[in-house]
Each structure stands twice: as C-alpha cells, then as structure tokens.
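Note that the coordinates shown come from a computational prediction; the quantities given were computed from them, not determined experimentally. Reminder, nothing fancy here: chain letters follow the sequence lines and each chain counts from 1.
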4 protein chains.
Amino acid sequence: MSLIWDKGKSTVNARIQAFAAGEDVMLDRVLFVHDIVASKGHVKGLARIKILSATEEVALLEGLDRLKTMFENGEFVLDERFEDGHSAIEAQLTEWLGESGKKVHTGRSRNDQVLVATRLYLKAALDELASLCEATAHALLDRAEAEMWTPMPGYTHLQRAVPSSVGMWLAGLAEGFIDDAELARMTFQWVDQNPLGTAAGYGVNIPLDRAFVTEELGFARMQVNPIYAQNSRGKFEIQVIDCLCQAMLDVRRFAWDLSLYTTAEFDFVHLPDDYTTGSSIMPNKRNPDIVELLRGTYGVLEGARVELAQVLSLPSGYHRDLQNTKPPLIRAVEKGLGAMALMSDLVQALEFNREAMHSAISPDMYATDLAVEMAARGVPFREAYREAAAQIPNLVDRAPQESLKVRTSPGGAANPMLDVLRARLKS
Amino acid sequence: MSLIWDKGKSTVNARIQAFAAGEDVMLDRVLFVHDIVASKGHVKGLARIKILSATEEVALLEGLDRLKTMFENGEFVLDERFEDGHSAIEAQLTEWLGESGKKVHTGRSRNDQVLVATRLYLKAALDELASLCEATAHALLDRAEAEMWTPMPGYTHLQRAVPSSVGMWLAGLAEGFIDDAELARMTFQWVDQNPLGTAAGYGVNIPLDRAFVTEELGFARMQVNPIYAQNSRGKFEIQVIDCLCQAMLDVRRFAWDLSLYTTAEFDFVHLPDDYTTGSSIMPNKRNPDIVELLRGTYGVLEGARVELAQVLSLPSGYHRDLQNTKPPLIRAVEKGLGAMALMSDLVQALEFNREAMHSAISPDMYATDLAVEMAARGVPFREAYREAAAQIPNLVDRAPQESLKVRTSPGGAANPMLDVLRARLKS
Amino acid sequence: MSLIWDKGKSTVNARIQAFAAGEDVMLDRVLFVHDIVASKGHVKGLARIKILSATEEVALLEGLDRLKTMFENGEFVLDERFEDGHSAIEAQLTEWLGESGKKVHTGRSRNDQVLVATRLYLKAALDELASLCEATAHALLDRAEAEMWTPMPGYTHLQRAVPSSVGMWLAGLAEGFIDDAELARMTFQWVDQNPLGTAAGYGVNIPLDRAFVTEELGFARMQVNPIYAQNSRGKFEIQVIDCLCQAMLDVRRFAWDLSLYTTAEFDFVHLPDDYTTGSSIMPNKRNPDIVELLRGTYGVLEGARVELAQVLSLPSGYHRDLQNTKPPLIRAVEKGLGAMALMSDLVQALEFNREAMHSAISPDMYATDLAVEMAARGVPFREAYREAAAQIPNLVDRAPQESLKVRTSPGGAANPMLDVLRARLKS
Amino acid sequence: MSLIWDKGKSTVNARIQAFAAGEDVMLDRVLFVHDIVASKGHVKGLARIKILSATEEVALLEGLDRLKTMFENGEFVLDERFEDGHSAIEAQLTEWLGESGKKVHTGRSRNDQVLVATRLYLKAALDELASLCEATAHALLDRAEAEMWTPMPGYTHLQRAVPSSVGMWLAGLAEGFIDDAELARMTFQWVDQNPLGTAAGYGVNIPLDRAFVTEELGFARMQVNPIYAQNSRGKFEIQVIDCLCQAMLDVRRFAWDLSLYTTAEFDFVHLPDDYTTGSSIMPNKRNPDIVELLRGTYGVLEGARVELAQVLSLPSGYHRDLQNTKPPLIRAVEKGLGAMALMSDLVQALEFNREAMHSAISPDMYATDLAVEMAARGVPFREAYREAAAQIPNLVDRAPQESLKVRTSPGGAANPMLDVLRARLKS
C-alpha cells in the first residue's frame with residue numbers, strides 16, 4: 001500500500017504505465033462537465049458540415065446530456081477504469097451508440113479536446129474568482145463604513161506610528177479585492193478564445209466551421225493558429241494562477257493581520273468558535289487555525305506556478321510533458337477558490353475589541369500630527385520635527401478621532417471615498 | 001575587494017550600514033527621472049493648496065527640470081554619496097535653493113514617493129513591452145505571409161507528424177506576441193492609479209488635492225486608500241513581471257525552435273554572423289549564443305517573481321523587507337525588455353533552408369491525411385486508421401502543398417487569417 | 001461533484017471543515033506505517049518509566065502490530081472517517097482496548113507524533129533514493145564500458161564540436177548519479193535525529209527516557225531542543241526535496257538527450273515499444289512519452305520546494321500553516337522516486353544506431369585536434385587555430401577512434417577511470 | 001541613461017553585444033582571485049608535462065601573483081574593458097609576457113576555467129558559511145545558558161500555550177545553526193572535486209597530469225568525466241544555495257521572533273540603536289530595519305535558486321544559457337553570507353525585558369501541567385483534560401520556574417543538554 005516506489009513488485013511495463021497515468025483521471029473530474037459541453041459544440045459543428053447526419057447529431061447530443069446528468073448524480077463515476085476523462089466520453093458514447101458513438105472524435109484530436117475543456121474551466125474559475133472577490137469587498141466595505149471612526153493604531157514596521165481606524169484598515173483591504181476582481185475579469189476576456197478545431201496543432205483536412213462552434217460555446221473569439229493553440233498550453237493556465245495569486249496575496253496579508261490581532265498581546269479581534277479549534281493537550285487554548293490555513297494558501301499557488309512554468313521550457317508543438325500542466329493548475333484553482341469562498345463570512349464574523357484598540361494609541365503617536373501642523377504653518381520641516389520630538393514626553397492623550405478628523409485628503413479617514421470604491425464594484 | 005563578507009575588517013555599525021544599503025542607490029538610476037516627474041506633480045499640488053508660494057513653486061520646478069537635464073547628460077551622477085535616489089532629489093534641491101528646497105517633501109513621505117516613482121516606471125515598462133511585442137508580431141506576420149506555402153515538417157513529441165509550413169510556424173508565434181501585447185496593455189490600465197498623497201500609509205493632516213495631482217501626472221485614477229497604497233507595494237510589481245513572463249515564455253519557445261533548427265541534424269535555419277560567435281578553442285564552430293541567451297531570459301524573470309512574492313508574506317503596513325521588492329523588479333524589467341528588443345531584428349534575419357525542410361517530410365507523414373479522408377467519407381475512424389497504417393510502407397512522396405491546400409478550416413494553412421491577426425495589432 | 005468551490009450549497013461550518021481537512025488523511029497513508037512504528041517506540045518508552053504497566057504495554061504493542069498488518073492487507077482503510085492518520089491510531093486502539101488504548105498518547109502531542117513519523121519517512125525516502133541512483137549508475141557504467149569506443153559527436157551549443165563516444169556520454173551521466181547517491185546518504189545522516197519526546201514544542205512534565213526511545217527507533221541521535229523540533233518542521237523536508245532535485249536534474253538532462261536522439265533528424269537511439277506510445281489520430285507516430293514525463297518530473301519537485309519554503313515564513317513555534325508542508329513533501333517524494341525507479345531499466349533498454357552516430361561525425365570536427373597538436377608542438381595557439389581553420393575544407397574523414405585514442409588525460413576516452421567511479425559505488 | 005531598453009539608439013550589433021555581455025565582468029570580481037589561483041595550478045601542471053619550459057612557468061607564475069596583488073590593491077580594475085575576468089587574465093599576461101602569456105590557456109578551455117574558479121568560490125563560501133553559523137550558535141548558547149531560567153511564554157499558533165524560558169528559545173535557535181554548519185561542511189566535501197583538465201567537455205589530446213593539479217589546488221578528488229564536468233555546471237551551485245537557504249530559514253524565523261517581540265504589544269526585546277532607524281516623518285518612531293532586512297534575505301536566495309534551476313533544463317554539453325548561472329549564484333552567496341555575518345553581534349546585542357516576559361505568563365497557562373500531572377497519576381487523559389479545563393478560572397499565579405523545573409526530559413528546561421550541543425560545534 002506504500003506509495004514509496006516499490007520496484008520489483010511490478011513488471012517494467014506496469015510500473016511505466018502507473019508512472020505515466022499519474023492521477024490524471026481523478027483530476028479530470030473537474031474538467032469532465034466542461035469536456036461534455038465542448039463535445040456537444042463539436043457535434044453540432046460536425047453536423048453543420050454534414051460529417052454527421054441529423055440522426056447521429058441527435059443521438060450524440062442526447063448521449064452527452066445523459067452522461068452529464070449521470071456524472072452529476074454520481075451514477076457515472078470517473079475513475080481508473082478510464083485512461084482519462086477525455087477518452088471516457090468516447091468510450092461511454094460508443095457503449096451506448098455503437099459505431100456512431102466513435103464519431104464524436106472525428107476531426108478533433110485529444111489535444112484540442114483537452115485545450116477547449118481546460119479553457120472553459122479557466123473561464124469558470126476566473127468568473128468565480130471575480131464574484132468571490134467582489135463579495136469579499138462588499139463585506140469589507142460594509143464593515144468599514146460602520147467602523148470608520150473606531151480608532152486603532154496605525155503601524156509601520158509593526159511599530160505604533162499614528163492613529164488610524166478600523167474602517168481605514170478594512171477599506172484598504174476592500175480596495176485590494178476590487179482590483180483583484182477587475183484583474184480576473186480582464187483576464188477572462190484575454191483567455192476567452194476557442195482552440196477547438198486545431199486538432200494536434202496542424203489543423204485537419206476537413207472544412208470545420210470553427211466560427212459557428214466558437215459562438216456555440218460562448219467564446220468571444222477564435223484562437224486562430226493551430227500551432228499557437230498547442231503552444232498556449234500552460235500559458236493561459238499561468239495567467240489564471242497569477243490572478244488567483246493576486247487575490248491570495250491580499251488574503252495572506254489579511255490573515256497575517258488577524259493572526260497578530262488575535263494574540264493575547266494585541267487582543268484587537270476575537271474570532272467566533274467556528275473559526276478556532278482547541279488543542280488536544282492544552283485545555284487553555286483556542287487556536288485560529290482557519291486564519292493560518294488561509295495565510296498558507298498563497299504558497300500552494302506560488303508552488304503551482306513554478307511547477308507549471310518549469311514544464312514549459314520546450315520547443316513548439318505538443319510534448320507529453322505538457323500533461324504535467326494539469327495537476328498544478330487544478331490544485332491552484334481549487335485551493336485558491338476554496339480559500340476565497342471563506343472570506344466574506346469571515347469578514348462578517350470578526351468581533352472587534354474597541355477598548356483594546358483605543359488604549360493601544362499612546363500619546364507619542366500624535367507627534368507626527370504636531371510636526372506636520374507646524375510645517376503647514378511654514379516652519380521648516382526639520383525644525384518642526386525636532387520640536388515635535390522634544391514635546392513627546394509632554395504629549396497628553398487626545399481623542400484619536402481628533403486626529404482622524406483632519407485627514408481630509410481623498411482616501412483619508414475623513415474622506416474615505418467608499419462610494420467611489422463601491423461604484424467600481426457595480427461596473 | 002572580495003565581496004565575500006569580510007567580518008572583522010569593519011565595525012559592527014559599518015557592516016550593518018553596508019548590508020542595509022545594498023545596491024539601492026544604483027538601482028534608483030532607472031527610477032530617478034520618474035521620481036523627478038512625480039516630484040514636479042507634488043510641487044504643483046502643494047502650490048495649488050497654498051502650502052507653497054508661487055515663487056517657491058517656480059524655483060522648485062526649475063530645480064527639478066535642471067536636475068533631470070543634468071542627470072540625463074551625465075552631469076549629475078547618482079551614486080553611493082546618496083542614501084537613495086529619493087533623498088538625493090531633496091538633498092540637491094536644498095543645496096541649490098536652501099530651506100525652500102526641503103519643502104518638496106512637505107506632505108509626502110518617502111513611502112508614497114517611492115510608490116509613485118515605481119508606478120510610473122511600471123507604466124513605462126508595460127508600454128515598452130507592448131510596443132516591442134507588437135513590432136515582433138509584425139515582423140513574424142510579414143515573414144509568415146511570404147512563407148505560408150514553404151513546407152516544413154510539423155512535429156509532436158519532436159517526432160515528425162504531418163506536413164506543415166514555415167508560415168504556419170511563424171504565424172503561430174505571432175499570435176502569441178499579439179496576446180502578450182494585449183495583456184500588457186490591459187495590465188497598464190490596471191496599474192494606472194496614483195498612490196501619491198497617501199504618505200506613510202495613513203494619510204496626512206493636510207488637505208492635498210490628490211485629484212489634481214493624479215491628472216497632472218497622467219494617471220487614469222487615484223489609488224484611494226492609504227493603507228492599500230502601502231499594501232500594494234510589490235503587488236503591482238508582480239503583475240508586471242507576469243506580463244514580461246508571458247512574453248518571455250514565447251521568446252523561450254522560439255529560441256528552443258531555433259536552437260534545434262540550427263543544428264547540423266535539422267539544418268532548417270541559418271543565423272547571420274551577428275547572431276553567432278566562434279569558439280576560442282574549436283576552429284570549426286559557429287555557436288548561436290544569442291538564441292541561447294534569449295532562451296535563458298525566462299528563468300531570470302521567474303526567479304525575480306519568486307523572490308518578490310517571498311517578501312510579501314507580511315501584515316499590513318510598510319516594513320523594511322519591502323525594500324527588497326526593488327532589485328527583482330528592476331532586474332526582471334531590464335532583462336525582459338532587453339531580450340524583447342532583440343526579437344524583431346532576429347526574426348527578419350532568419351535564413352531558411354527550404355530544401356532541407358522539404359526533404360524532412362517523409363511519405364509516412366501523409367498517413368493521417370489518408371485516414372481522415374476515409375473517415376470523412378464515412379469509414380469508422382478506427383478502421384480508417386488501421387487501413388492508413390497498413391498503407392504506410394506503400395505511401396509515395398506527394399507535394400506537401402497538396403496536404404496544406406486542404407487544410408481549409410479557419411487558422412489552417414489554406415486559411416491562416418493573417419488579416420484577422422493583423423487587425424488585432426492595429427487596435 | 002465539481003470541485004470549483006460551491007458556496008451556498010453548504011453551511012459556513014461545513015465549508016470551513018472541508019477547507020481545513022484538505023486531502024490530509026489520504027496523504028497520511030504514506031506516513032501511517034511509520035506512525036505505527038514510532039508509536040510502538042513511544043509505548044515502550046512509557047512502559048520503561050512506568051507510566052504504562054507491562055500488561056498495557058503488551059496490549060498496545062499487539063494492537064499496533066495488528067493495525068499495521070490490517071493496513072498492509074487492506075483490511076483497515078485510512079479514509080475520511082478519520083481526521084488524520086495520527087488520530088486514527090488512537091481511535092482504533094481505543095476501540096479495541098478501551099481506556100488503555102488512549103494511553104498511547106500520554107506524554108506526547110500530535111506535534112511530535114507527526115514529526116517523528118515524517119522523519120522516518122524522510123529516512124526511508126533518502127535510503128530508497130540512494131539505492132535507485134546507485135542502480136542507475138551501475139546500469140550506465142556497464143553500458144558505458146561496452147560502448148566506450150562507439151563514436152558519437154560531442155556537442156556544445158547543440159552544434160557538432162569534436163568526436164566523442166557513447167561510453168563517454170553514459171559514464172558522464174553515471175558520475176552524476178553517483179554524486180546524487182552520495183548526497184542522499186550524507187543527508188540521511190543529517191536528518192537522522194529523533195524529535196519524539198518534545199511534545200508541542202515545550203517538552204512535558206514527565207521524565208521521558210528519550211535516549212532509550214531514540215535507540216529503539218534506530219535514530220543516530222536525539223533532536224535535543226523541543227522548540228527546535230517544532231522549528232525544524234519543513235526544514236528537513238526541504239533538504240530531502242533538494243536531494244531528489246539533484247537526481248531529477250540528471251534525469252532531466254538524460255531525458256533531453258534521449259528526446260533529441262530519438263528524433264528522425266538525430267536518429268541515434270531507438271526506444272523499445274514499452275517506452276513509446278502511438279497517436280490516436282496519426283498512424284505513423286511512435287512517441288517517447290515516458291522520456292518526456294521523466295523530463296517533466298523536475299518541475300514537480302521545484303514547485304513543491306517553493307510551495308514548502310513559502311510556508312516557512314513564520315515566527316517560532318507551531319502554526320497550522322505548517323500542515324501545508326505535507327502535500328508538497330509527499331508529492332515530491334512519490335513523484336521523484338517513481339521517476340527514479342524507471343531509470344535503470346530504461347538505460348538497459350536503449351538501442352544505439354551506431355551507423356547514424358558515426359556518420360554524424362563530419363571531417364571538420366577534427367580541426368580542434370589539429371590545432372591542439374600544433375600548439376603542443378610549440379606553435380602559438382592563435383596561429384595554430386588560424387592554420388587549422390584554414391585547413392577545414394581539406395580535412396578528410398578519419399576514424400573517430402583515432403581522435404578518441406589520444407585523449408589520455410584522466411577521464412578522457414582513453415582513460416575513463418570507470419574503476420574509480422565503480423569504487424565510489426561500493427563504498 | 002535609462003536602462004529601459006532604448007531601441008533605435010544603437011545598432012543591432014551593439015545591442016546584441018550589450019545583451020550578451022550582461023553584468024558578467026563585474027560579477028567576475030568575486031571569482032577573479034580564485035581564477036588566478038586555479039591558473040597557477042594549471043601552469044604548474046603544464047610545466048610538469050613539459051608543455052611549458054621552466055622559464056615560462058616562472059614567468060607565468062610571477063605574472064599571476066603580480067596580477068593578484070594588483071587586483072587586491074585596486075591597481076588592476078576588472079571592468080568593461082574586458083569581456084570577462086577569465087579572458088582578462090590571458091590578456092594581461094600577454095601584455096606583460098608577449099607570446100608566452102598566451103600559453104596559460106594551452107590545454108584548457110574557458111569552460112573548465114570557469115568551472116574550476118567557481119568551484120573554488122563555492123568551497124570558500126561553504127567554509128565561511130559554516131564558520132558564521134558556528135559563531136552564531138556559540139553566541140546563542142552563551143546567552144541561552146545565562147537565561148535558561150528567565151521565564152517567557154511559549155506560543156503555539158501565536159497563542160500563549162505554556163511557560164517556557166528565554167534560554168529554551170535561544171538554545172532552540174542555536175541547534176538549528178549547528179545543523180546548518182554541519183550541512184555546509186558535508187556539502188563542502190561533496191563539491192570538493194576538481195573539474196580542471198576537462199576542456200570544453202570532451203577532454204583534450206594532451207596528456208594532462210590532472211591528479212597532480214588536483215592536489216596542487218587542494219581538491220579532495222578529481223571530477224572524472226569531462227561531459228559530467230560540463231553537466232555539473234549549476235548543479236553544485238544549487239546545492240550551495242540550498243545550504244545558504246537552510247541558514248536563512250533559521251535567520252528568517254529568528255527575525256520574525258524579534259519583529260514581534262520588539263512591538264509595543266509584546267515588548268519582550270529591545271534592540272540597541274545601531275539596529276534601528278528613525279522615521280523621516282514620524283518623530284516618535286524607532287524601526288527595527290535590520291531585523292526586517294534579515295527576514296527578507298531568504299527570498300533573495302529562493303529566487304536565485306529558482307532562476308538557476310530554470311536554466312538547467314537542457315541536453316548534455318555546454319550551452320550559453322549556462323552563463324546565466326553566475327548572477328543568481330553570486331547574488332545568493334553574497335547576500336546570504338552578508339546576512340549571516342550580522343547574526344552573532346545581533347544575538348549579543350539583544351536586551352531582554354524580563355518583567356514583560358514574566359507578566360505575559362497568565363495563570364491559565366498552567367492548565368496543561370495540571371492535566372499531565374493527573375494523567376501521570378493514572379487519570380485517563382480526557383478526564384484529566386476536562387478537569388483541568390474546569391479549573392482554569394480558579395488557577396492562581398505560580399512561579400513559572402516551578403513549571404520549568406519539572407521538564408526534566410532530555411532537551412527540556414531542566415535538562416537542556418547545552419553541553420551536547422556545544423560538543424557538536426567542536427567536532
């Protein structure tokens with residue numbers, strides 16, 4: 001049962017087969033429905049140019065629909081009985097329809113079949129990513145608005161710097177996710193091109209109606225050149241991972257904030273029990289496991305990206321190495337979206353310890369305000385800085401809101417432009 | 001002189017300083033003009049809200065212009081005398097203008113100063129990248145058009161597969177660079193937001209007119225939240241590197257093709273002497289060094305990206321670690337654009353060995369055509385495949401153009417849609 | 001069934017649980033036997049200090065042996081019923097033994113339980129890696145010896161340079177794998193330290209006999225400090241991946257060689273049918289898929305390493321992020337050893353096309369010999385080089401063996417020192 | 001002056017040259033002395049086999065010594081006048097000695113010249129790394145011994161867990177650096193093999209006495225096969241970077257600890273002024289910049305490793321891409337050793353706030369001790385756990401030392417085995 005490679009226990013051939021197969025067919029579960037959808041488009045295209053008769057078209061489309069339903073219901077299980085999901089479709093149709101089942105593959109190669117199913121998966125992933133980022137941004141903006149005047153320290157170098165507010169912190173995070181959503185939507189447009197109809201990279205001697213199939217499958221345009229279609233294997237995948245990386249960079253930063261703010265030392269934020277776990281040995285512990293796992297997700301994506309990019313050091317044309325683009329892609333998408341899907345609930349669940357935050361604002365943190373005030377009145381800044389530094393021991397506590405109130409520049413606490421941020425979400 | 005760290009030869013303090021400084025000021029040479037431009041915007045903004053008098057504004061703007069000219073002429077050298085390029089500006093203005101020179105820094109922090117200069121650099125890099133990709137695509141399309149019917153083998157797994165053409169190969173590469181240019185232009189829009197006016201991440205108690213400065217500096221919009229401005233350090237940089245990576249993936253594949261095609265064994269392509277070097281020991285050698293260096297450039301970018309992403313595992317707010325985003329960014333941009341700048345000339349310089357390409361198309365490569373023809377006439381594909389396989393020993397040489405001529409599907413040799421690809425370049 | 005994260009279909013809590021669990025329990029299958037072995041050591045240690053009675057000890061050891069047997073027979077399946085493999089052991093013992101089953105966990109925490117099971121896995125992986133590298137080196141040396149005088153071109157920059165031999169090529173690869181084996185054995189010694197007995201990173205208020213357990217489990221020494229034990233999570237894993245990387249670098253280069261040498265253009269090497277696959281659409285193809293998958297394996301390891309290293313940007317002590325070290329480790333080990341296990345058979349299976357190799361040695365490739373001969377006779381090298389270059393058009397074919405015969409420096413074809421390389425394998 | 005690639009301003013050829021040259025000659029400054037040392041060995045070897053006369057040998061050795069002295073004094077500057085450091089040596093000797101200066105290059109190629117100089121550099125780097133790790137471990141152990149009973153909280157998940165001590169924390173860090181030093185010394189042995197005498201990868205038709213030169217240069221053994229010598233380019237470099245990575249992982253964790261412990265919220269550690277900087281805008285700030293830069297160093301190394309590994313996806317033999325191994329190697333070594341060189345002083349400079357640490361140990365942190373005590377007395381652990389949890393509200397403050405005193409297992413606070421750790425340093 002050990003996966004440590006057991007040489008000797010199997011024949012050469014069996015070992016080779018096992019190595020080549022990898023986890024391919026299991027991964028294809030996430031591509032399977034996309035593959036069926038694309039296959040339906042291909043069937044319609046073949047019927048349009050009379051390669052398939054109307055009867056064959058109907059039978060194949062019904063078969064594909066049936067397979068989709070059975071797969072979604074769990075009646076059809078994609079597993080090691082099949083070499084991969086792509087061949088499973090043909091195999092099942094042939095079992096049901098005999099010779100005409102095989103015709104689903106006329107005029108296409110497994111190469112463009114994989115490409116188009118993956119392309120549909122990329123589009124779905126980017127769409128989901130954009131929606132999840134937008135939902136997270138909405139949740140953050142709602143809470144930011146409510147807490148715009150709740151004081152908390154602003155840090156640089158993790159050192160207390162100047163007064164800030166919970167609302168400013170959350171609005172800053174929101175703006176990041178708004179950018180992430182926008183990037184995902186831009187990238188969606190970029191990858192929205194149909195590779196189906198390019199066969200193994202050199203086209204095919206059949207007059208496929210690629211424009212019709214492109215529209216049928218909802219692509220914005222055709223990926224024109226067959227060699228490029230092959231050469232783009234992995235290229236578009238990387239860009240999708242990059243979009244997920246952008247969102248996860250923001251998730252990671254937020255998780256770091258929460259990891260610090262939930263320590264006994266900071267004690268700014270409490271997490272509901274759903275988000276913490278106990279210790280098996282220490283009765284006194286509540287650990288923010290989910291926050292830590294969110295923080296750790298970025299690494300999965302970065303690793304996947306490096307793995308994928310290493311594969312692509314190849315000449316033009318298909319090579320079997322390119323099969324290795326699948327596992328890192330799917331790992332990155334599923335982990336990234338899985339993390340992102342937890343975010344808006346988490347934002348809503350945060351409980352703020354307003355008292356602790358307020359009392360962490362020490363009087364010396366007003367020194368910068370003092371220096372800038374003097375500078376604005378015309379005192380050379382170096383002199384103002386020295387004067388303010390000298391006054392630090394004498395500074396008394398103010399209401400932090402006094403400091404926030406004068407930050408009237410656009411984006412500042414007194415002018416956070418939340419409406420402008422919200423407007424970008426609606427577009 | 002050895003850079004191997006010489007402990008003992010310097011005091012603790014000197015070693016700390018040297019470690020902290022790094023190569024910072026040298027790197028700032030590429031940011032310096034952008035910093036001056038942004039400083040001019042800041043000065044105008046301060047004058048607008050009466051923090052600077054009209055006289056001070058004029059003096060500062062003139063000083064900044066003078067510094068820019070001197071820097072471009074080599075009269076002002078940015079070197080280790082300065083902590084970094086950002087402080088060099090203030091230092092030089094103060095030397096020239098006295099107290100009012102220092103006022104250039106009123107209401108900004110080095111944090112947003114660095115951010116805005118870097119942002120302008122990112123925009124310039126993306127614009128340059130898009131232009132270079134477009135120029136390369138143009139060169140490729142021109143040659144593709146001329147060589148659309150020049151036969152060459154199409155490979156999969158580096159094994160001869162079916163007949164293809166030089167034009168198809170080059171048009172495929174062109175389409176990649178068209179996508180790369182488009183991605184660079186999209187990303188330009190995404191990063192086109194102004195961080196200036198956010199100080200050290202918490203705004204400032206001066207009513208800066210950020211909208212005015214944003215327009216003055218040619219940004220499409222404001223980056224609103226000050227904490228986000230800080231948190232986006234590195235985030236936008238990564239996305240720019242990702243764009244460069246996309247172009248370099250295509251450069252790398254092209255370089256691989258050339259590396260193979262210039263071997264004695266393939267002998268499909270000759271490179272002009274400019275692109276090769278001799279060997280110091282072997283009189284018989286001409287080596288395609290430039291092609292190999294182009295191939296190697298992707299790795300520099302991937303390394304830079306990983307370096308940069310590692311830095312960003314941090315809580316909100318500025319940390320000194322973020323200084324480490326600068327070297328990988330600049331390395332990636334300069335190397336990536338440097339490689340890209342060689343491409344269009346290289347494309348134009350390629351000499352094709354048409355005879356060698358033609359004679360590499362062996363008769364067995366027509367077997368697929370045969371099988372597909374049979375399938376299109378209604379023979380079940382498995383049977384057609386077996387029949388075609390059986391006929392391989394009897395296949396005689398055809399004109400490869402016969403095979404290309406029937407690839408009439410959109411994108412195929414007989415319908416390469418070069419006009420559609422060219423149209424995307426014009427938009 | 002889609003893994004694309006289905007928000008809304010599950011409650012917050014279920015989604016959180018699913019995200020946190022990941023694929024953990026499935027991965028633990030490769031650690032499970034190691035965990036049982038370590039648990040037996042812990043039980044013996046507890047008995048030795050009288051925390052367990054002799055009766056309890058016997059019952060627990062028998063239970064652990066039974067579980068191991070059942071697992072290996074497939075009677076006990078480790079699956080999603082359990083949180084992970086570590087808790088499954090306690091759960092099963094408790095089911096069998098009641099209250100005393102739980103005592104297996106006295107004085108240890110899941111933290112050091114995971115650490116010690118992983119450490120045993122690392123040791124097994126390194127040992128397996130060393131053996132596989134040695135087997136591969138043996139196969140290469142045997143074939144090298146037989147083909148030492150079989151001429152083939154030596155290339156630099158993929159350009160034909162000077163005559164070389166098949167034996168030189170294979171002996172060079174062998175020396176790499178010998179170094180890889182040695183590195184794996186060195187690293188084995190480095191990781192051979194026992195973390196068990198350090199609990200959650202702060203020890204435990206029970207006088208565990210760690211020296212006894214260390215010996216019992218076959219570790220060379222104790223990992224002393226409990227905080228270090230926690231902090232080394234991921235650290236040792238990375239170094240093991242690095243060893244696998246070294247071997248895979250050599251596998252990748254070998255696969256590249258084979259990928260080129262099996263092209264129609266080079267045609268130096270033929271692969272048996274086991275190592276190639278046909279095409280579903282092209283009757284004329286035999287593709288070297290296994291060679292390409294071997295080439296692609298390095299990328300999996302590099303990605304895993306980056307993924308793992310990203311996780312480790314953390315303060316001292318355990319954090320849940322560290323759970324994320326498991327998937328990349330196991331992926332790297334299983335893929336790396338899986339690839340390595342195919343190597344020695346592949347080496348034995350290669351068929352050389354001696355004629356093609358010989359005829360690829362063109363007369364100009366003797367020019368370097370000529371120049372060096374003149375230089376050795378005292379002609380200044382630049383002059384000798386020019387003279388040899390001038391003679392290239394007149395060079396006639398020699399027997400390549402004449403050129404090989406005079407390469408008498410240690411390591412050269414006439415003195416390949418295969419015995420010295422073999423001697424390193426025996427040590 | 002902008003480095004943004006200025007197309008049009010230079011001819012094709014000049015641009016190609018600039019791209020190809022890169023920063024090569026500047027990087028060679030760190031290799032230059034090693035190259036001279038290796039060249040001396042090569043000269044002695046040539047004299048031994050009578051390729052050089054005794055007179056020529058003396059002249060060349062004197063010339064090489066003179067060049068070394070001049071370089072170290074700054075009288076000879078290695079800059080863009082030379083293609084690289086390797087050709088600079090020949091150029092300078094020829095200027096001084098005429099025709100016989102050129103003879104330094106007889107029987108070697110630039111390929112093995114670069115390899116051997118780099119190999120000497122790798123050895124120097126590993127030796128320096130080991131020494132710096134040992135010095136750091138010594139400093140940590142000294143302070144650990146003095147502070148073994150100084151209480152501080154032990155954290156898991158950044159949550160307060162159980163009482164620990166400053167000594168335990170520092171001893172844990174020390175053990176990491178001891179392992180790092182050991183790994184560096186092991187790796188030194190692994191790379192300690194001489195590639196000189198293998199020319200461009202196929203040996204040379206001169207009977208070089210490689211065994212003599214190997215000993216002369218202080219290598220432990222010969223790297224035998226010439227093809228392997230070329231194929232190992234980058235391979236050994238990666239392993240050296242991996243060693244630096246291990247040390248930097250430990251530096252990064254230590255820096256994270258300090259970054260937290262120097263916050264106002266934790267306030268456990270104070271840094272001397274040398275290690276902090278002020279803010280240009282905030283008079284109240286002292287920022288731990290050095291600690292943050294130390295934390296950031298790991299990323300530089302990880303990026304360098306990825307960059308280097310990307311290059312190595314190549315067939316056997318030299319390719320110009322391999323030139324790209326130099327910048328990441330040198331960057332990693334210089335940055336890594338630079339960071340490491342700051343560590344022992346930093347450790348000695350830390351000031352502990354014992355009061356703050358003590359008062360951060362809250363009464364609930366004794367609950368685990370309570371539960372384990374009950375369990376050791378035979379109470380089933382789940383029951384003990386519940387009982388201890390129930391008592392948390394009633395727990396009163398104890399002296400933390402009471403809890404430390406009972407951690408008598410090897411490695412625990414009451415038995416930290418510092419002598420065992422120190423003994424490993426002496427070996």
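- Residues B:A309 and A:E302 approach most closely at CB-OE1, 3.6 Å, considering heavy atoms.
- Under the side-chain hydrogen bond (donor to acceptor under 3.5 Å, both in side chains) criterion, B:E237 pairs with no residue at all, not counting sequence neighbours.
- With a 4.5 angstrom heavy-atom cutoff, B:D250 touches chain A only via side-chain atoms.
- Here the CZ-CD1 distance, from B:R377 to A:I51, works out to 11.5 Å after rounding to the nearest 0.5 Å.
- For the residue pair B:L314 and A:R253, the shortest heavy atom distance occurs at O-CG, 3.3 Å.
- Salt-bridge check for B:D179 with A:R221: passed, with a basic side-chain N closer than 4.0 Å to an acidic carboxylate O.
- Between B:S316 atom OG and A:F254 atom CZ the span is 9.0 Å, to the nearest 0.5 Å.
- Only the side chain of A:V162 comes within less than 4.5 Å of a heavy atom of chain B; its backbone N, CA, C and O stay farther away.
- In this structure, the side chains of A:L312 and B:Y298 stay at 4.5 Å or more apart for every pair of heavy atoms.
- For a residue to count as touching a neighbouring chain, one of its non-hydrogen atoms must lie under 4.5 Å from one of that chain's; by this rule B:K102 touches chain A with the side chain only.
- For residues 222-229 of chain A, heavy-atom neighbours of chain B at less than 4.5 Å comprise A:M222, A:Q223, A:V224, A:N225, A:P226, A:I227, A:Y228, sorted by residue number.
- The contact between A:L158 and chain B is made by backbone and side chain atoms together, counting heavy-atom distances below 4.5 Å.
- Put simply, the side chain of A:R210 does not reach to within 4.5 Å of the side chain of B:M417, judged on heavy atoms.
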